[in-house]
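Reviewing the structure listed below.
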Amino acid sequence: MQYDHKKIEKKWQDIWAQNKIYTTPDSAPGKENFYLLVEFPYPSGNLHVGHWYAFAVPDILARFQRMQGKNVLYPIGFDAFGLPAENAAIKNKVNPRTWTDGNIKFMKGQIESMGTSFDWSREVATYTPEYYKWTQWLFLQLYQKGLVYQKETAVNWCPNDKTVLANEQVVDGKCERCGHVVEQRQMLQWNIKITDYADRLIDDLEPLDWPNEIKESQKNWIGRSEGAEIDFQVVFGESDIKYNYIFLHGKGGSPESDFWPWLKVQLERRGHRVQAPAMPNPADPSDEEQADHVQKNCTFDEHTILLGHSFGGIVALRLLERGVKVEAVTLIGTPTSGVYLDGKDRPSVTKAAQKGFNSEKINASSKRIVLLYDTNDHVVPLSDGEALVKQIGGHFFTAKAEKSHFNAKIEPEVLRYADPTLTVFTTRPDTLFGATYLVLAPEHPWVTLALGHKTVLENNDEVASYVDRTQKMSDMDRQTTKEKTGAQLKGVMAINPATNEKIPMFIADYVLPQYGTGAIMAVPAHDERDYEFAKKFGLPIRQVVSSDSDLPYTGTGTIMNSASYDGLSIEDAKKMMIEAYGRRKTTFRLRDWIVSRQRYWGVPIPMIHCEKCGAQPVPDAHLPVVLPDVEDYLPEGSGKSPLAKVDSFVNVKCPKCGGAAKRETDTLDTFVDSSWYFLRYTDPKNAVEFASREKQDAWLPVDLYSGGAEHTTMHLLYSRFWHKALYDIGLVKDPEPYKRRMNRSLIMGPDGQKMSKSRGNVIDPDEVVNMLGADTVRMYLAFIGPYAEVASYPWNPDGVVGVRRFLERVARAEEYVQAEDVASLNGPLHKAIKKIGEDITLMKFNTGISQLMILQNAIEKDKKIEKAQFSTMLQLLAPFAPHITEELWNKLGNESSIHTQPWPAFDAKYLVDDEVVIAVQIDGKTRGEFTIASDADKAAVEAAAKAAVAARLDGKTISRTIVVPKRLVNFVLEA
RNA sequence: GGGCAGAUGGCGGAAUUGGUAUACGCGCUAGGCUUAGGACCUAGUCCCGCAAGGGUUGGGGGUUCGAGUCCCCCUCUGCCCACCA
């Protein structure tokens, strides 16, 4: 047959589409379902070789599984929201929807040209309201579950374009568009609490059928580390100030309730004085009455610190209004407005709070005001805390209470803010005796607090300028390793709890604010970074783990210079020192997932901001919140998305109180869209659910997920988290979405470099397909090397031609078809059936193809093949080269498609050869070989082997003979 | 600096998992067909050597009758993360 790929490929693609042979039912009688998933593409406008590799090669497996009798779901769609569409909109003034529509249409044609067996009836695209309605709905499900919150977070800000920049828009710390230096700017953003799932995301990896390297990188990314938190007391100046604490408990409480008894012990252990009055009428308190009581029964001095929990905070402020002079006041979870999150009526508290506060008098009476708010507080809304600080001034900190509203028996955060105390995180508590200074991140809240009270630090200006300098730095600059910098916090010292020594405190940008507690104890003798810093600032270095190596030493050893711990192993010392000086603590590198994007082209975040009610979710009945068309896609001046300029979109009624409110104008990170798309494939047209339980049950979890290594951590982690959250809510039945995952290799340019326009080494698949055909390109990519390997293969233009040559030879073999059975082909044919089946299952397409080539070589030997044998060969080739095999199959007189045929079975009797070649070794070195009947007995084999190397055995004594059946004979000679 | 993966002909790679190293393809060489061309056919192609023979899986050591494969040390390369305490 003349192989004209252009004619054949178009013809069969049309016929397959017409006959809908790839439309997948949710169940098929007698067939097991198999869900093969590939990552859906971004509709950038043009398909590259990588897309072919991603879609056409797994298609071989899909086709094979179908021939094996499985009902295979192999779906495709488009991840259609994102930055490039918006950039194109700004640059070419085209509507991003129009741009995306056009791209999808064009790319569909390209994908169809591959001859893949995608079921297009299940196509999804994330930018359709039918899809993103459910993205919004699922987001709100997470919100209701308490997994979504707002937080001030730093973003990349271009002061020239007045816009927020994505990380990829920042090049060398500069704006990619205008070249201006990028700054960091705080913005209120929506976050999802993926960190709540950190442990499960690690632990649930264990049973999954995933390659080890993917599991490992996920574990690394999450970065669980076991260590300890240790508190360091801070003292001012040279004198040891002892404070006079007055505890003011809340409504319904007593000095014996909540954290008070524990806190009393902690403070008294540090030598402070504690007064803890039992307040009058705790069940129905009056602020003035309680203030009277405190004023009458407690003593005050210049180092008095008031600690007010909840209602007690109001009492504290009343005391200050009366002119009671104190050093500081710390308000812990203080209620003010009377709006309570738990809906409980508290008339006495509301009455007290609504009287308001005299901020002038309050500020005149105290040097420091600190308000500590629990991010999980279910009693007091965040806005209350913020409003109070706005009114009376002072410092507002959010912290995580052990129990909501600080109601646990032990609340370390309270101690941290009540007493000038710093908590550090360390994985080496055993080296505590060697901690000769502390280092805080410049952003540490304690530093902010100290700077706010200009009297605390002797070198306020110096510290302030270092903090400022750090804040201006981009992440990139900060993370580039360079010489250590920092500034000492002069006027304050910390006390090493183990040695009781006063040690200096520093701020330095090598300590990261987001990790651990944002503060470290520096042990220069056993940490390289601390060592560097200590050398630069002339700080003492004390070795506490014995070693003969040069400093800094991080290896194993025994403890020294640590009093009663001397001689212990590191592990034992760790345990004992945690018990004596700190608490066990696990931290994670993983941070919460910021999902807000100040962008137009994305899913609108379905939230409404009401002055009165705070942030409110859009009711389900109003979903989807449709992305409106806008006229200009440039961001609004304050950095918000262009949506902020659309009044008709922004202005809405509050769903709770009905008053005037404003819509959230940020859109969701596209990783949210792609976190659940594989669920939608199971039920793509459902208008009342994101996917029915029945359809999910038919297909989930995904049997095999094939994708790129670049998604190993982010996408895979996000979608696993998303699935677990849905599982906890009861929306999906499995805790893990993907049974098996594999990362494909990479295709490079002919020069071995990554394909890129600037290098000029880009291979355009359309051109190659035009010249050599889709079957050739598919098969070449499958042949180039093992598919599921951490590897990269250069595209070899000559190699492609070799594959084309092979297909031409197959086409020519049609002429060798004749009536009589060709016995000599049964061996190669049945071996091929077995081997190719195994290889495809293992995703080793390259060796499967080799086997086909070996078979083809055998056919060409005698240029004869029987019709049934040729049919079988075509079936073996069909998953790889669907068009040419269909054509040849059709020419053999078959009516139905080759792709609906079962996979051929092999006959074991043809797998064994009649004769085998056996190698003969002497002392393990190959010295000869002979051919013998494969069923020859051991004695005959040994005799033949001796004969084969007779000359070399002459005069030697054989001490041992090893016979490996059908392989080799090894004679071991006497020494 | 940390984690992971890897190193086999001129190139991409194969090796039944401890049993004849270099399958299959590319490239190269020679010859043939052809007016010509190669996206044709045939033969050859790990290295040294005329041969007999000897050597060879990044380097070194070990275990074993036998190691590309297992163990230890070293070198180099790729990918991901990166001042994570």
Side-chain angles (χ1 to χ4, degrees), chain A residues 3 211-217 219-221 223-225 227 424-428 431 435 439 478-482 484 508-512 514-523 526-530 532-533 554 587-591 709-710 712-713 743 746 748 752 771-772 776 780 783-786 789-809 812 835 838 844 846-857 860 917-929 958-973:
Chain A
Y3 179 19
N212 211 34
E213 70 266 14
I214 302 184
K215 290 184 182 180
E216 285 302 316
S217 22
K219 281 186 207 163
N220 269 322
W221 185 270
R224 176 158 64 189
S225 59
V424 304
F425 174 74
T426 178
T427 53
R428 293 294 303 276
T431 61
V439 189
R478 183 163 175 176
Q479 281 162 9
T480 335
T481 315
K482 35 130 219 249
K484 293 275 179 288
D509 61 8
Y510 81 93
V511 175
L512 306 175
Q514 344 52 346
Y515 186 77
T517 60
I520 61 156
M521 61 179 211
V523 186
H526 304 290
D527 183 284
E528 284 172 30
R529 296 152 301 183
D530 297 343
E532 240 180 87
F533 191 86
T554 54
T587 57
F588 299 93
R589 265 184 42 160
L590 182 74
R591 293 178 224 160
E710 68 275 20
T712 297
T713 40
N743 285 353
L746 238 70
M748 300 297 186
M771 205 157 67
L772 300 171
T776 300
Y780 173 63
F783 187 56
I784 198 166
E789 206 95 319
V790 189
S792 53
Y793 311 116
W795 177 278
N796 177 354
D798 290 325
V800 194
V801 171
V803 169
R804 163 76 190 202
R805 198 145 49 201
F806 166 73
L807 289 176
E808 283 179 4
R809 281 158 59 198
R812 210 171 309 129
K835 174 104 171 97
E838 288 166 357
K844 291 173 85 176
N846 55 331
T847 49
I849 293 171
S850 295
Q851 202 64 33
L852 279 164
M853 289 172 168
I854 290 168
L855 175 59
Q856 178 63 27
N857 290 343
E860 281 167 7
V917 178
I918 292 182
V920 187
Q921 298 185 335
I922 294 172
D923 287 334
K925 301 231 175 210
T926 307
R927 296 301 183 193
E929 59 175 41
I958 297 168
S959 67
R960 213 174 138 191
T961 304
I962 290 140
V963 179
V964 182
K966 294 181 193 179
R967 295 253 158 235
L968 60 76
V969 177
N970 186 14
F971 296 113
V972 184
L973 301 181

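Computed from a predicted structure; not experimentally measured. The chains referred to below are lettered A, B, ... by the order of the sequence lines, with proteins before strands, and numbering in each begins at 1.
- By the side chain to side chain contact (heavy atoms under 4.5 Å, CB included) test, A/Lys219 pairs with A/Ile202, A/Leu205, A/Glu216, sequence neighbours left out.
- For the pair A/Val964 and A/Arg967, nearest-nucleotide mapping onto RNA chain B gives the more 5' position to A/Arg967.
- At least one side-chain nitrogen or oxygen of A/Thr926 sits closer than 4.0 Å to the OP1 or OP2 atom of B/A21.
- Here B/A82 presents its C1' atom at 16 Å from CG of A/Leu590, a figure rounded to the nearest Å.
- A 4.5 Å side-chain heavy-atom check between A/Pro797 and A/Tyr780 finds every atom pair outside the cut-off.
- Across B/G19, B/A39, B/A85, the shortest atom-to-atom separation from the side chain of A/Leu968 is found for B/G19.
- For B/A85, the OP1/OP2 oxygens have a side-chain nitrogen or oxygen of A/Tyr515 closer than 4.0 Å.
- Rounded to a whole Å, the CZ atom of A/Phe806 is 11 Å from the P atom of B/C26.
- Pairing analysis of RNA chain B (Watson-Crick: purine N1 to pyrimidine N3 plus N6-O4 or O6-N4; G-U wobble: N1-O2 and O6-N3; both under 3.5 Å) yields stems of 3 or more pairs at B:1-7 with B:75-81, B:10-12 with B:24-26, B:27-32 with B:40-45, B:46-48 with B:53-55, B:58-62 with B:70-74.
- For A/Asn743, the side chain to side chain contact (heavy atoms under 4.5 Å, CB included) partners at least two apart in sequence or on another chain are A/Ile214, A/Ala709, A/Thr712, A/Arg741.
- Rounded to an integer number of Å, the gap from CD of A/Glu808 to P of B/G25 is 15 Å.
- In this structure, A/Asp527 atom CG and B/A85 atom P are separated by 9 Å, rounded to whole Å.
- Between the CH2 atom of A/Trp795 and the C1' atom of B/G25 there is a distance of 14 Å, rounded to whole Å.
- Distance noted for atom C1' between B/C76 and B/U57: 16 Å (whole Å).
- Shown here, B/G59 is classed anti by the O4'-C1'-N9-C4 or O4'-C1'-N1-C2 angle, which is more than 90° from 0.
- Residue A/Val917 is in base contact, counting any heavy-atom pair closer than 4.0 Å across all strands shown.
- When the nucleotides B/A85, B/C26, B/C81 are ranked by their closest atom to the side chain of A/Ile520, B/A85 comes out on top.
- With RNA chain B read from its 5' end, the first of the two nearest nucleotides for A/Thr713 and A/Arg428 is the one closest to A/Thr713.
- One atom, CG of A/Leu852, and another, P of B/C24, lie 14 Å apart when rounded to the nearest Å.
- With sequence neighbours excluded, no residue satisfies side chain to side chain contact (heavy atoms under 4.5 Å, CB included) with A/Pro794.
- Residues A/Met521 and A/Thr431 come closest through the heavy atom pair CE-OG1, 3.7 Å.
- Counting any heavy atom pair closer than 4.0 Å across all strands shown, A/Gly802 reaches sugar-phosphate atoms only and no base atom.
- Under the side chain to side chain donor-acceptor pair (under 3.5 Å) criterion, A/Lys844 pairs with no residue at all, not counting sequence neighbours.
- In this structure, CD of A/Glu860 is placed 13 Å from P of B/C24, rounded to the nearest angstrom.
- Nucleotides B/G66 and B/U20 place their C1' atoms 12 Å apart, quoted to the nearest Å.
- Take A/Arg927 and apply the side chain to side chain contact (heavy atoms under 4.5 Å, CB included) test, not counting sequence neighbours, and it matches A/Ile922, A/Lys925, A/Val949, A/Arg952.
- Here A/Arg804 does not reach the OP1 or OP2 of B/G25: none of its side-chain N or O atoms lies under 4.0 Å away.
- Close to B/A39, at under 4.0 Å from its OP1 or OP2, lies no side-chain N or O of A/Arg809.
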Nucleotide-resolved protein contact map, nucleotides 1-14 of chain B, B/S/- at heavy-atom distance under 4.0 Å: --SSS------BSS
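- Across all strands shown, A/Arg812 has heavy atoms under 4.0 Å from sugar-phosphate atoms exclusively, and none from any base.
- When all heavy atoms are compared, the tightest approach of A/Thr776 to A/Val803 is O-CG1, 3.8 Å.
- Classified by its glycosidic torsion, B/U17 falls in the syn category, the angle being within 90° of 0.
- A gap of 7 Å separates the C1' atoms of B/U69 and B/G18, to the nearest Å.
- Looking only at atom types and distance, the side chain of A/Arg809 has a donor-acceptor partner in the side chain of A/Asn857 under 3.5 Å away.
- In the set B/G25, B/G27, B/A85, B/G27 carries the atom at the smallest distance from any side-chain atom of A/Asp798.
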Indicate every side-chain donor-acceptor pair of residues 958-969 of chain A with a distance under 3.5 Å to a residue at least two apart or in another chain.
unit_1, atom_1, unit_2, atom_2, d
A/Ser959, OG, A/Val972, O, 3.1

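- For the side chain to side chain donor-acceptor pair (under 3.5 Å) test, no residue two or more places apart in sequence or in another chain qualifies with A/Glu789.
- Note on A/Ser959: nothing from the nucleic acid sits closer than 4.0 angstrom, heavy atoms only.
- Judged as a side chain to side chain donor-acceptor pair (under 3.5 Å), and not counting sequence neighbours, the contacts of A/Glu838 are A/Lys834.
- Annotation: side chain to side chain donor-acceptor pair (under 3.5 Å) contacts of A/Glu213 (sequence neighbours excluded): none.
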Give each protein N/O atom lying under 3.5 Å from an N/O atom of nucleotides 64-67 of chain B, with the pair distance.
unit_1, atom_1, unit_2, atom_2, d
B/C65, OP1, A/Arg960, NH1, 3.3
B/C65, O2', A/Asn970, ND2, 3.4
B/C65, O2, A/Asn970, ND2, 2.5

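- In this entry the distance linking CE of A/Met748 with C1' of B/U77 reads 13 Å, nearest Å.
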